[in-house]
Colleague: 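Attaching a single structure in structure tokens format; questions to follow.
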2 protein chains.
Amino acid sequence: MNISAASKAAGLPVKTVRYYADIGLVEAPWRSTAGYRTYDDAAVRKLVFVRRSRAFGFSIEGCRELLGLYQDQDRTSSEVKRIASKRLEEIEEKQRELQSLHDELAHLVTSCRGDHMPDCPIIDYLG
Amino acid sequence: MNISAASKAAGLPVKTVRYYADIGLVEAPWRSTAGYRTYDDAAVRKLVFVRRSRAFGFSIEGCRELLGLYQDQDRTSSEVKRIASKRLEEIEEKQRELQSLHDELAHLVTSCRGDHMPDCPIIDYLG
DNA sequence: CCTTGACCTTCCAGTTACTGGAGAGATTAA
DNA sequence: TTAATCTCTCCAGTAACTGGAAGGTCAAGG
């Protein structure tokens, strides 16, 4: 499988697949005589794994760690759960931040008349 | 006021204040003979304005736009409200994303036993 | 056999909003 | 005078790609 077939199969842009190979996250298992990256099903599965992990907001380094566990027959589910729980806490922290941001901004937007006059509680609050 | 005094007054790192000057967001009104940036209260107020805007998640360009309105006597509150509402929608969109991410990941984490065995629904889901 | 077009390669630059550090000049206190 | 503390500019790095240039490869059609 050349890179474009692999990228389609994995649901990732070609550029990203190449990038993941460059940083040693998911390397192409072989190169053709012309130097073309050649992927097999196992490599594509790793790419999909990374795509899904990224969708959960794991960093590249987090993906690297998860991918290591994915391929490790001796892993324990507690290791995986620990990493996932950490990410879940980050998400919850972000949610709390966004919630207070939302409430504050929503309040300001509501209290702004939005007319042709310059007076504005939003600007007042920021200034 | 030299840059460190201004940065303390504005609640921003010196590096950031210099950066804002470099990109023409909030420039120092004067320079000393030695070339030191010199700030006055009005400039500090602008820096504070930018800090608060950034805290709401506005991009630098968004801050530039808001700052323009802040200093524009002829602004209308509807312009401000439009920009703030846009940001509010972005926040709400992000909240929805995070919520579904959270629910999905929380479900996986809950269903993982987290023991010494390799079997793990989280890994299964990602792979 | 040749050409055309799609594909592949590497390398470099740009994105966002800073942050860190080097090297050098200015100012201030002891 | 000297040491410490500013301040300056410029360069590089961060995260995770993305776009583009310049050039090699391959398969199909004429």
Side-chain angles (χ1 to χ4, degrees), chain A residues 1-40 43-44 46-67 87 90-91 94 97 101, chain B residues 1-40 43-44 46-67 87 90-91 94 97 101:
Chain A
M1 229 187 299
N2 280 347
I3 198 167
S4 68
S7 89
K8 279 190 190 79
L12 287 169
V14 169
K15 274 276 185 184
T16 301
V17 175
R18 215 174 268 131
Y19 174 70
Y20 287 166
D22 285 350
I23 62 172
L25 183 61
V26 180
E27 276 163 288
W30 308 286
R31 292 275 186 147
S32 75
T33 50
Y36 287 17
R37 289 176 183 82
T38 306
Y39 291 85
D40 57 7
V44 168
K46 289 188 217 170
L47 287 171
V48 169
F49 185 93
V50 170
R51 176 171 58 76
R52 298 219 179 108
S53 304
R54 291 283 302 133
F56 273 123
F58 286 102
S59 69
I60 292 289
E61 289 315 305
C63 292
R64 206 187 290 275
E65 201 175 357
L66 283 171
L67 202 51
R87 176 69 195 131
E90 287 168 14
I91 290 174
K94 194 82 195 164
E97 277 174 34
L101 233 54
Chain B
M1 232 187 300
N2 278 348
I3 198 167
S4 68
S7 89
K8 280 190 190 79
L12 287 169
V14 169
K15 275 275 186 185
T16 301
V17 174
R18 216 175 266 132
Y19 173 69
Y20 287 167
D22 284 350
I23 62 173
L25 184 60
V26 179
E27 277 162 290
W30 308 286
R31 292 274 186 147
S32 75
T33 51
Y36 286 17
R37 290 176 183 82
T38 306
Y39 292 85
D40 58 8
V44 168
K46 289 188 218 170
L47 288 170
V48 169
F49 185 93
V50 170
R51 176 171 58 76
R52 299 218 179 108
S53 304
R54 291 284 301 134
F56 273 123
F58 286 101
S59 68
I60 292 290
E61 289 316 305
C63 291
R64 206 186 289 276
E65 201 175 357
L66 283 172
L67 202 50
R87 177 67 197 132
E90 286 168 15
I91 289 174
K94 194 80 194 165
E97 276 174 33
L101 233 55

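Each chain gets a letter, A, B and so on, in the order its sequence line appears, and its residues count up from 1. All values reported here derive from a predicted model rather than from experimental measurement.
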Colleague: If you compare every side-chain N and O of B:Arg37 against the phosphate oxygens of D:dC8 (OP1, OP2), does one of them come in below 4.0 Å?
Modeller: yes
Colleague: Between CG of A:Leu67 and OG of A:Ser53, what distance do you get to the nearest 0.5 Å?
Modeller: 7.5 Å
Colleague: Of the non-hydrogen atoms in B:Ala10 and B:Val48, which two are nearest, and what is the gap between them?
Modeller: CA-CG2, 3.8 Å
Colleague: Can you list, pair by pair, the side-chain donor-acceptor contacts under 3.5 Å of residues 14-24 of chain B, counting residues two or more places apart and other chains?
Modeller:
none

Colleague: Run the side-chain contact (heavy atoms from CB on, under 4.5 Å) test against A:Lys8 and tell me which residues pass, sequence neighbours left out.
Modeller: A:Ser4
Colleague: For the atom pair CZ (B:Arg54) and CZ (B:Arg51), what is the distance rounded to the nearest 0.5 Å?
Modeller: 12.5 Å
Colleague: Regarding B:Arg18, tell me which of base, sugar-phosphate or nothing describes its non-hydrogen contacts under 4.0 Å with the strands shown.
Modeller: base
Colleague: Step by step, would you call B:Val50 with B:Lys46 a side chain to side chain contact (heavy atoms under 4.5 Å, CB included)?
Modeller: CA-CA 6 Å; B:Val50 170; B:Lys46 289 188 218 170; 5.6 Å; no
Colleague: Cut-off 3.5 Å, no hydrogens considered: what does the side-chain donor-acceptor table look like for residues 25-38 of chain B, sequence neighbours left out?
Modeller:
residue	atom	partner	partner atom	Å
B:Arg31	NH1	B:Gly35	O	3.0
B:Ser32	OG	B:Ala34	N	3.2
B:Ser32	OG	B:Gly35	N	3.4
B:Ser32	OG	B:Tyr36	N	3.0
B:Thr38	OG1	B:Tyr36	O	3.3

Colleague: Using side-chain heavy atoms (C-beta onward) and a distance below 4.5 Å, is A:Phe56 in contact with A:Ile91?
Modeller: no
Colleague: Measure the distance from CD1 on A:Ile3 to P on D:dT25 and round it to the nearest whole Å.
Modeller: 17 Å
Colleague: Contact list please: residues 20-31 of chain A against DNA chain C, heavy atoms, distance less than 4.0 Å, in numerical order.
Modeller: A:Arg31
Colleague: With the sugar-phosphate defined as primed atoms, P, OP1 and OP2, and the base as all remaining atoms, what B/S/- string results for nucleotides 19-30 of chain C, 5' to 3', for protein heavy atoms under 4.0 Å?
Modeller: SBB---BBS---
Colleague: List in numerical order all residues of residues 48-63 of chain A for which some heavy atom is under 4.0 Å away from an atom belonging to DNA chain D.
Modeller: A:Arg54, A:Ser59, A:Ile60
Colleague: Could you state the interatomic distance from CG (B:Leu101) to NZ (B:Lys94), rounded to the nearest 0.5 Å?
Modeller: 8.5 Å
Colleague: How many angstroms lie between CZ in A:Arg52 and SG in A:Cys63, if you round to the nearest 0.5 Å?
Modeller: 13.0 Å
